[in-house]
Structure formats: C-alpha cells, structure tokens
Amino acid sequence: MKLSGAEIIIKSLQEEGVDAIFGYPGGQVIPFYDALYDATLKHYLVRHEQGAAHAADGYARATGKPGVCVATSGPGATNLVTGIATAYMDSIPMIAITGQVPCSMIGKDSFQEADITGITLPITKHNFLVDDINDLARIIKESFHIATTGRPGPVLIDVPKNVQVESTNYKYPETVSLKGYKVTMEANKAQVKNAVNLIKESRRPVIYAGGGVVNSGASSELYRLAELTSSPVTTTLMGIGSFPETHPLSLGMLGMHGTKAANYAVTDCDLLIAVGARFDDRVTGNIAEFAPKARIIHIDIDAAEIGKNIRIDVPIVGDVKNVLTELNKKLEQTESHEWYNKIIELKDKYPLAYENNGKLKPQFIIEQIYDLTKGEAIITTEVGQNQMWAAQYYKYTKPRSFISSGGLGTMGYGFPAAIGAKVGCPDAVVIDIAGDGSIQMNIQELATAVQYNIPVIVAILNNNYLGMVRQWQELFYDRRYSHTDITGPDFVKLAEAYGAMGIRVTEPGQVKPALKQAIEAKRPVVIDFVVDREENVFPMVPPGGANHKMLGG
Amino acid sequence: MRHILAVLVENNPGVLTRVAGLFSRRGYNIDSLSVGRTEHPNVSRMTIVVEGDDLVLEQVTKQLHKLVDVIKINDITSEEYVDRELVLVKVGADPAVRGEIIQIVDIFRARIVDIGQRTLIIECTGDEGKISAVIESLKPFGIKELVRTGKIAMLRGHKFTSLNEFKEEE
Ligand SMILES: Cc1ncc(C[n+]2csc(CCOP(=O)(O)OP(=O)(O)O)c2C)c(N)n1
Ligand SMILES: [Mg+2]
C-alpha cells in the first residue's frame, strides 16, 4: 500500500492504539493536518502548544497510555518545550511530533526553522529527525517502544514537510531492533535474597514509594509488601495514590512539605525500602541527615538512579512490579507491635492541621472536595501552595488519581493536564486545584474545554499572591514581598466570556454547594475561591535543612 | 583518577552531540574524546578519557548506557591495553638547527612530513608520555603550530570491545 508520510503517521498512531491527539497546525504540518481531515483519529485543537504537551501528559498519567501531541516547526515546536521537559522530569510516556522545514532547507535559517532535536536533546528520552520517508514507520514504532518501556519518557519525532508529502510503501513493522536499548525487567536473585535478609533483620522498616510504583502498575504488590512486613508507607509527590492514604500504615507524603509522622519515621527507621523513587532533594532535605539510622534497599528500573544521590546497601534494578512480586514470594508475615504502635502514635500526635478561624481556608476547600468526591476524583494541580495543599488534604486511595508536575514544578500544567485526563477518563470527575498565578499561564485552554465540552472543574485557591514564593519571602526574606502581590482578572466573568460557568465563593458555607453545582453542571466550570490570603503551607523543612527539623504544623 | 572508556555507538547523526551533551550537562570532565568508524559501517567507536573517582565513573557509565545510540561501553583502564595519540608539530627550523631536529625525530621514531623554507612539520605517534616528550624536546626550536588527536585505545590479546554478533562472524 502506497501512502504519504502524513498518512503513515496517522496509520502508525492508530496501529499503536492512539485514540486522541492534541495539537495545533502551522505551515510545516499542513500536509499532516490535511490527511487528518479524512481520518478517524480524534484531534483536539488546543489554544497554545504548551497546552497540547500538558494535555498529552495528563492523558498519559491518567490512563497509563502514551500521550501524543503535534506542533508545527519553529515557534510551534519551541512552545512544546516546557511540556516535554515536564514529562521528562516525571518519566511520563509521551510522543511529540513536530513539523520541520523541508530537508533541502534545513540548516539555512529558513522561515520557522528551529533545531528542535538539538533543543530537546537533554529533555527527551530520545529524539529523531526523519530525513527519509522509508524510515518513518520504523521510527514511529521505535519511538513508542522507547517512550513506554523501561523508565518511560517523552520521545520527539521531527518530520520535515517533504517527508510528509512524499509517499512510499507502508507496512507497520512488527518488531523493533535497537542494539543500544536494553531494559532490565527481572531482578537479580542474589540481591532479592539480600533484601529479604535485611527486611528480616529490621525492627523499624519504612517503605518510601515513588512514581515508579505508579508507572509500573505495582500498587497491589506494594500493598502486599507493606502488610507482609508491617511497614508504614510514605510516598513522594509522584508516588501519591500508589498506597491508600486511608490505610493505618499510610504516613502520607514525606519531604519538604511532608507530614511530621513521615519525616520522623524516616529519620528513625532502621531500614528504608525505596521503591521507584529517586531521592530528590525536595524529598531528602539535607541528604547527610536523611534516614541516618537506616540501611537502604533501592528498587528501580533505572540503574543510573541507584547510588546517584545516596549510598545504597542493596540495589535491585528491575521493573518494580516484578521485583516486588519476587520479594513478596520470599517474605513471611512479620509483625512488629512496637514499631506499629510508634507509627500510630506519631500519626495521632502530629496530624496535618490548620487554624480554623472562620475565614475561608484553602485546606478546608480541599477537605470538602475530598468529602464530596470520596476520593474517586482525578485531581490535577498547578504549582505552589495549591499543589502542596492538594497533596496534603485530599486522601488519595488509587494510583493515577493525583496528577501534578513534580520534578519540573511547572506552573500552568494542571489545567491542560486536566483536559487530557478527562479525555482519557471521561467518566471521572476531574478537578484542577489551581492557584491564581498558575491558572493565568494556560487560561486560554478554557476555549478548548468549551469547544469540545470537556467538563473539567478549575478550583482556584485565589490568594492574589504567588503564594509559595510569598511564603518563602515571609519566612526567609524578612517579609519583603517583592513582585509576588499579583493581580488577576475577574475569573467568573472570564469563565463566562469563554463560554464556561463561573462561580465565586467567599464563605466556608458556600464551598460544598458550589462544588456540587460544578460537578452537576457537566460542562467546564471555574470556581474562584477567595481564600485567606496569607495562609502558609506547613509543616515545612527549610531548604537544605534536615527533615526532622520542620517549621510549623 | 583518569579512566579510558571504549564506547561503541550507532553511527547516527547527532550521536557525538548526545554524548558530549551528556558530559557537559552532568558536569563530568572529559580529558579527551576521539571518534571514528569501525570495522562495521553502522558503528562508530569513541575513546573517551574521563577524570573522576569510582562513583563518578559508575554514574558516567550508567548515564551513557541510557543513550539509545550507545551500544557498548568498556572501561579498559585496569586492563592490558595499547593506546596511541598522533601529533603534528610545525617547528621553526632555520638551516642551522635542522640537523639537531632531525636527530630528535630519529630518536622518537617520528617523521618529517613537510619541509618549508623556515619550518618543518613533524608527525609522531605514541602513547601520551612519548607525545609529551617529543613536544618538550621540540619546544626550544619554537613551536609555531601544534595539533594532537585524543587518545585511541584497544585491549590487548583475545579481549575485545566489539559486538558479540560481529565477533561470531570472525
Ligand atoms: C513556570 C513557572 N514559573 C515560575 C515558577 C516559580 N513559582 C513556584 S510557585 C509560584 C507561585 C505560584 O502562585 P499561584 O499559582 O498563585 O499559587 P499559590 O502558591 O498562590 O497557591 C511560583 C512563581 C514555577 N514553578 N513555574
Ligand atoms: Mg496564588
């Protein structure tokens, strides 16, 4: 069958099971969009390419399937960059397809030429420039393979216009052969044995679970490990939802804005079992004082993570699900009443708390969202205080129910990600917990949500501040609020101008009715929660400090 | 400590940028890097000399392995190997001193590859020590220009940095 390059891209995407893509046309992708005109592949026209990248990312995080975004060359491609970097830092499978000037024009500073494979080299798992149409199908196949296996990540495919136009015999390859790409799935048996021994010797174990558990689909294996070993479980921001926070062994999140119970337990434990996590500085605080009494087992699919930031006693490279399955087979039920009681005591003594003084508190809003949705919603977040409160005050019980930019901390992520998540999971209630600053970074996607009637809810915790930066200024810069007192539009009117529903909430009593109304509206809704302005996120480990020395809370 | 890595890579455009970019972005120190084709047309070989302790080297190797275009990495530092560099030196060579220069060239088993009116170009191959010694000896005559390749290296005897599939063909 002879097909054009543009048709090959569409056919190949369908071959990979892609049912929705997010993109924006332009000069160097007109042939692709022309082929799309007749195709059954569902395309969502965003209003800014960054929105396409985040939507593809949100789709991937919600469904576990790779997300796909498309942009034209030059400015279209560079607009994807923040979204690609966001996915890269959080190991999210994504395919970014960009148009490029024709091969004969490359390197001549042609109109809308940008070296996007060069630009994205450090923020993609791999990338390709297709200079021969006969390589196109193979490269797409390889891209999906690379993006979705091992430690997942974004792959960019740059397709010059002439390659989209030319035609060739099309056959989608059945296998990939990449000499330099190997994935270690199965654990080394000796190391599993060593891990079992350490676990048996341990009196005070803690499991520290990260995004790798979610990526690997290993929640039930993690659950089993925790119950077998009676280990409390703390998660990173990326690991939220991998272990039910309603479980007595759940410590919640650890690190800079983690719970006191989690940080104290890690400081005190004699064995730390790190599962699909990478000892990020926001997690460890001063690394010299992180888990100082513990021996460490580190399970990760990426060998390069092991020993990168901290000394490891037992490294196990492999797919988290496989490794935990092996480990669980070799473990017997153990109980440590002393440690269990200590954990319960820590949780009782140091619950997350805020002052309830009758004003509208952001934490209260999150609690109300939890109450109404019973932990069944998909929560996305922006970045800042809103993100931390969303992480702290909602009780996540399922993987892929909390979607947030962890590694890069990208303001403007949450709303387009919510759109992508809703496209992928149309039956779920999807709520973006936003800040008034962040939401202004990709607010234009309201038009996308309205055009396709994607009923996501944006819950703005409006403090009229770049709140998290203001908090740092308050605590560490003598309250000099330099350029953090930010204004915004009338969000209700703005929502209405876009054709969405807008609701303003100023009193605690209005919170639940407003949320109910939003959920029942079945269309895009923006709720402007005008909250107590100078509320802070606590507890907090000051940057570079030791995790057991927390401020507030 | 300095380590010598023999790295086989896919001969794709941009592979050098990928490797060099990895070193600079993660702050590893490259002493030298040389690259060229191998016995297999699709495979190039890099010899990378990198400075760092064992922990750094472990990270360098693991990060390199993550590049899709990198096929195989051998840290040959602690093995028996042969290594060579090539240098071209243009020295000032008035007729009065030419004899002396030719003597030095002979001692180092180097070669004169160009004779100008006032200059000579000398070619020398050898390990790093020899190259440095020859340069030192030529300094008094005035070095006008100097270019040297990075190190290339190969394991001695029956050990290979090669792809298994190709070894079987041999
Ligand atoms: C794109 C981007 N620019 C800047 C920052 C730095 N930053 C982190 S939090 C924050 C404030 C966010 O303000 P807002 O969205 O209102 O959230 P709040 O903290 O008030 O809840 C800023 C500016 C960032 N994370 N991302
Ligand atoms: Mg704010």
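A, B, ... follow the sequence lines: proteins, then strands. Residue 1 opens every chain.
When the candidates Thr117(A), Ile306(A), Asp131(A) are compared by the number of heavy-atom contacts under 4.5 Å with chain B, Ile306(A) comes out ahead. For chain A, the option among Gln59(B), Glu58(B), Gln63(B), His65(B) with the highest count of heavy-atom pairs below 4.5 Å is Gln59(B).
More than 12 non-hydrogen atoms from other residues, nucleotides or ligands lie less than 6.0 angstrom from NZ of Lys182(A). The number of heavy-atom neighbours closer than 6.0 Å to CG of Asp54(B), taken from other residues, nucleotides and ligands shown, is 12 or below. Atom CZ of Arg109(B) has 12 or fewer neighbouring heavy atoms from other residues, nucleotides or ligands inside a 6.0 Å radius. Annotation: Lys141(A), atom NZ; neighbour count of heavy atoms from other residues, nucleotides and ligands within 6.0 Å is above 12. Heavy atoms from other residues, nucleotides or ligands lying under 6.0 Å from CG of Leu13(A) number more than 12.
Residues Asp69(B) and His126(A) are in side-chain contact: their nearest non-hydrogen atoms beyond the backbone lie under 4.5 Å apart. Here the side chains of Leu178(A) and Glu10(B) are not in contact, with every heavy-atom distance at 4.5 Å or above. The side-chain heavy atoms of Arg151(A) and Lys66(B), taken from C-beta on, include a pair separated by under 4.5 Å.
Proximity to chain B (any heavy atom under 4.5 Å) is restricted, for Ile146(A), to the side chain, taken from C-beta onward. Residue contact with chain A, scored on non-hydrogen atoms closer than 4.5 Å, involves the backbone and the side chain of Arg18(B) alike. With a 4.5 angstrom heavy-atom cutoff, Leu8(B) does not touch chain A via any of its atoms. Contacts of Asp115(A) with chain B are absent, with no heavy-atom separation under 4.5 Å from either backbone or side chain. Contact annotation for Asp302(A): only side-chain heavy atoms (C-beta onward) come within less than 4.5 Å of a heavy atom of chain B. The parts of Val68(B) that come within reach of chain A are both its backbone and its side chain, each placing non-hydrogen atoms under 4.5 angstrom from that chain.
Here the closest heavy-atom approach between residue Pro122(A) and residue Arg25(B) is recorded as CB-CD, 3.5 Å.
Between Leu121(A) atom CG and Leu67(B) atom CG the span is 8.0 Å, to the nearest 0.5 Å.
No donor-acceptor pair under 3.5 Å is formed between the side chain of Lys179(A) and the backbone N or O of Ile71(B).
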